[in-house]
Novice: 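Below is the structure I would like to discuss, written out as structure tokens.
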Amino acid sequence: NMAEKKEIIASIIIPVYNVESYLKECLDSIFVHQKISCQIEVIIVNDGSTDGSLAILDEYKKNYDFILINQENSGLSSARNAGIKAAHGKYLLFIDSDDYIHPDMISSLYSEIKRTDSDVAVCGIMNVYNTKEVPQCSDTEIVFECDREKFLKELLIGEKIPGSVCNKLIKKEIADKLQFPVGKIYEDAFYHLDLVKAAKSYVVITKPYYYYFHRGDSITTQKY
């Protein structure tokens with residue numbers, strides 16, 4: 001019966017807060033350019049934006065299918081947690097709305113996590129600056145599986161496994177045990193320590209499929 005809802009493989013969770021100049025590139029990298037081999041759902045959490053971000057989301061809503069959650073401003077962790085609650089996929093992927101992803105990112109992570117039956121699949125990061133792009137790992141062709149001990153070691157080194165949560169496809173049953181800590185900066189660091197306790201097996205590719213845009217006015221680059 002074609003009318004039955006296909007099983008959702010991956011839920012893509014995107015928190016949005018005052019990113020009007022970056023948002024379209026992010027959304028296009030998912031809705032327009034992805035070569036997707038599996039059924040996905042996109043969950044966008046508008047965390048009380050006061051700029052033109054919501055108008056952009058309303059515009060995209062006319063052409064693309066996604067779940068939009070509007071909440072009062074309560075921070076990145078809270079927005080991601082709201083997205084997790086609303087997700088139906090077997091796997092979760094977090095993307096930040098001022099970044100964007102390679103057309104092959106979702107299908108590659110999905111085929112790796114399926115091939116190895118890992119709890120988490122990781123890809124490399126491309127660091128994007130105003131004038132240049134630099135892959136986090138100089139060798140972009142590495143593929144390996146590892147346990148939590150090796151994962152943590154490589155995470156602390158930060159080259160083959162960069163410390164962002166946005167370059168990781170995570171089994172939903174693992175993600176359901178975790179929360180992002182509300183009210184902390186560098187919430188990704190806290191999240192990873194919990195992730196290592198919950199997830200046993202990892203598959204890593206160093207191809208830089210997540211484009212991390214280094215802007216001068218983000219949470220982590222502003223003065224306290």
Side-chain angles (χ1 to χ4, degrees), residues 8-84 86-87 89 91-110 123-136 162 164-169 180 187-188 207-222:
I8 295 165
I9 300 296
S11 301
I12 318 300
I13 296 169
I14 311 169
V16 168
Y17 177 67
N18 291 1
V19 281
E20 61 184 358
S21 16
Y22 312 96
L23 186 54
K24 286 181 178 170
E25 186 159 27
C26 176
L27 297 176
D28 285 349
S29 77
I30 295 155
F31 292 123
V32 183
H33 305 304
Q34 267 322 281
K35 299 173 189 158
I36 299 201
S37 58
C38 64
Q39 189 74 8
I40 68 163
E41 68 175 358
V42 177
I43 300 167
I44 299 179
V45 184
N46 172 39
D47 188 35
S49 295
T50 54
D51 68 348
S53 297
L54 191 54
I56 294 170
L57 293 174
D58 288 338
E59 198 52 46
Y60 272 75
K61 204 94 176 91
K62 295 173 188 165
N63 298 312
Y64 303 105
D65 188 28
F66 58 87
I67 297 166
L68 177 59
I69 298 169
N70 284 300
Q71 65 174 35
E72 275 181 35
N73 178 252
S74 38
L76 178 60
S77 285
S78 158
R80 284 182 182 157
N81 290 339
I84 296 168
Y91 303 97
L92 298 189
L93 183 64
F94 299 98
I95 294 174
D96 286 344
S97 47
D98 50 353
D99 299 327
Y100 52 97
I101 64 175
H102 187 282
D104 294 324
M105 176 164 163
I106 295 173
S107 58
S108 298
L109 287 177
Y110 175 56
C123 70
I125 282 182
M126 181 69 83
N127 293 295
V128 181
Y129 301 93
N130 285 331
T131 51
K132 59 179 182 186
E133 296 185 347
V134 185
Q136 185 94 2
S164 161
V165 292
C166 296
N167 59 337
K168 299 177 175 74
L169 186 66
F180 285 93
E187 52 284 293
D188 290 17
K207 275 200 168 50
Y209 283 152
Y210 187 84
Y211 288 78
Y212 175 51
F213 185 61
H214 294 262
R215 57 188 179 113
D217 61 342
S218 70
I219 297 173
T220 49
T221 54
Q222 278 171 2

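Numbering starts at 1 and runs along the sequence shown.
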Novice: Under a 4.5 Å cut-off applied to non-hydrogen side-chain atoms, are Leu68 and Leu54 in contact?
Specialist: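 Side-chain contact under 4.5 Å: yes.
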Novice: Taking salt bridge (Lys or Arg N to Asp or Glu O under 4.0 Å) as the test, write out the residues that go with Asp104, two or more places apart.
Specialist: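 Expected list: Lys35.
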Novice: Can you name the side-chain contact (heavy atoms from CB on, under 4.5 Å) partners of Glu20, sequence neighbours left out?
Specialist: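 Here the qualifying residues are Asp51, Ser53, Ile56.
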Novice: Test the Lys61-Phe66 pair against the cation-pi criterion, namely NZ or CZ under 6.0 angstrom from the six-membered ring centroid and within 45° of the ring axis.
Specialist: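 Verdict for Phe66: a cation-pi partner in Lys61.
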Novice: Working to the nearest 0.5 Å, report the span between CD1 of Ile40 and CG of Leu93.
Specialist: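 Going from the CD1 atom of Ile40 to the CG atom of Leu93 covers 9.0 Å.
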Novice: Can you find a side-chain donor-acceptor pair between His214 and Asn127 that sits under 3.5 Å?
Specialist: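 Judged by distance alone, the side chains do pair up.
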Novice: For residues Ile14 and Val42, determine if any side-chain heavy atom of one lies less than 4.5 Å from a side-chain heavy atom of the other.
Specialist: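 The answer is yes; the side chains approach within 4.5 Å.
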Novice: Roughly how far, to the nearest 0.5 Å, is the OH atom of Tyr210 from the SG atom of Cys123?
Specialist: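 Reported to 0.5 Å precision, the distance equals 9.5 Å.
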Novice: If you measure only the distance, is there a donor-acceptor pair under 3.5 Å linking the side chains of Gln34 and Ser29?
Specialist: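 No, no side-chain donor-acceptor pair sits under 3.5 Å.
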Novice: Quick check: does any side chain N or O of Gln39 sit under 3.5 Å from a backbone N or O of Ala10, one acting as donor and the other as acceptor?
Specialist: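 Side chain of Gln39 to backbone of Ala10, a donor-acceptor pair under 3.5 Å: no, none is there.
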Novice: Between Asn18 and Thr50, is there a donor-acceptor pair closer than 3.5 Å when you use the side chain of the first and the backbone of the second?
Specialist: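 Confirmed, Asn18 side chain pairs with Thr50 backbone.
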Novice: Under 3.5 Å, is there a donor-acceptor pair between the side chain of Lys132 and the main chain of Val128?
Specialist: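 Judged by distance alone, no pair lies under 3.5 Å.
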Novice: Can you list the steps and then say if Ile13 with Leu92 is a side-chain contact (heavy atoms from CB on, under 4.5 Å)?
Specialist: CA-CA 7 Å; Ile13 296 169; Leu92 298 189; 4.2 Å; yes
Novice: Would you call the rings of Tyr100 and Tyr211 parallel, tilted or perpendicular, taking 30° and 60° as the class edges?
Specialist: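 Answer is parallel, since the angle falls under 30°.
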Novice: First locate atom CE of Met105, then atom OH of Tyr209, and finally report the distance between them rounded to the nearest 0.5 Å.
Specialist: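 So the gap between those two atoms works out to 10.5 Å.
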Novice: For the residue pair Pro208 and Ile125, establish whether any side-chain heavy-atom pair is separated by less than 4.5 Å.
Specialist: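 The answer is no, as the side chains (C-beta and beyond) never meet within the 4.5 Å cut-off.
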Novice: Check the pair Ile95, Cys26 against side-chain contact (heavy atoms from CB on, under 4.5 Å), reporting the backbone distance first and the verdict last.
Specialist: CA-CA 8 Å; Ile95 294 174; Cys26 176; 4.0 Å; yes
Novice: Rounded to the nearest 0.5 Å, how far apart are CG of Asn81 and OG of Ser77?
Specialist: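 Going from CG on Asn81 over to OG on Ser77, the span is 6.5 Å.
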Novice: Any chance you could measure Asp96, atom CG, to Ser164, atom OG, to the nearest 0.5 Å?
Specialist: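 Taking CG in Asp96 and OG in Ser164, the distance rounds to 6.5 Å.
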Novice: Just verifying a value: how many Å separate Asn167 CG and Asp99 CG, rounded to the nearest 0.5 Å?
Specialist: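 Here the rounded value is 10.5 Å.
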Novice: Go through the steps for Arg80 and Asp47 under the test salt bridge (Lys or Arg N to Asp or Glu O under 4.0 Å), then give the verdict.
Specialist: CA-CA 10 Å; Arg80 284 182 182 157; Asp47 188 35; over 6 Å; no
Novice: Could you go through the ring pair (Phe, Tyr, Trp, His ring centres under 6.0 Å) check for Tyr212 and Tyr129 one step at a time?
Specialist: CA-CA 9 Å; Tyr212 175 51; Tyr129 301 93; 8.6 Å; no
Novice: Using atom types as modelled and distance alone, determine if a side-chain donor or acceptor of Ser11 lies under 3.5 Å from a backbone N or O of Ala87.
Specialist: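 Absent.
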Novice: Would you check, one step at a time, whether the test side-chain contact (heavy atoms from CB on, under 4.5 Å) holds for Gln71 with Val45?
Specialist: CA-CA 7 Å; Gln71 65 174 35; Val45 184; 3.9 Å; yes
Novice: Of the non-hydrogen atoms in Ala82 and Ile69, which two are nearest, and what is the gap between them?
Specialist: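 Shortest heavy-atom separation between Ala82 and Ile69 comes out as O-CD1, 4.0 Å.
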Novice: For Ile106, is there any backbone N or O sitting under 3.5 Å from a side-chain donor or acceptor partner on Ser108?
Specialist: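 It does not hold such a pair.
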Novice: May I ask you to decide if the ring planes of Phe31 and Tyr60 are parallel, tilted or perpendicular, using 30° and 60° as cut-offs?
Specialist: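 Rings of Phe31 and Tyr60: tilted, as their planes differ by 30° to 60°.
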Novice: Verify, without hydrogens or angle tests, whether Ser97 (side chain) and Leu23 (backbone) share a donor-acceptor contact under 3.5 angstrom.
Specialist: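 No.
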Novice: Pick from Leu57, Ile30, Val32: which one makes a side chain to side chain contact (heavy atoms under 4.5 Å, CB included) with Tyr64?
Specialist: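 Single side chain to side chain contact (heavy atoms under 4.5 Å, CB included) partner of Tyr64 among Leu57, Ile30, Val32: Val32.
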Novice: Under the side-chain contact (heavy atoms from CB on, under 4.5 Å) criterion, do Tyr91 and Leu109 qualify, and how do the steps go?
Specialist: CA-CA 10 Å; Tyr91 303 97; Leu109 287 177; over 6 Å; no
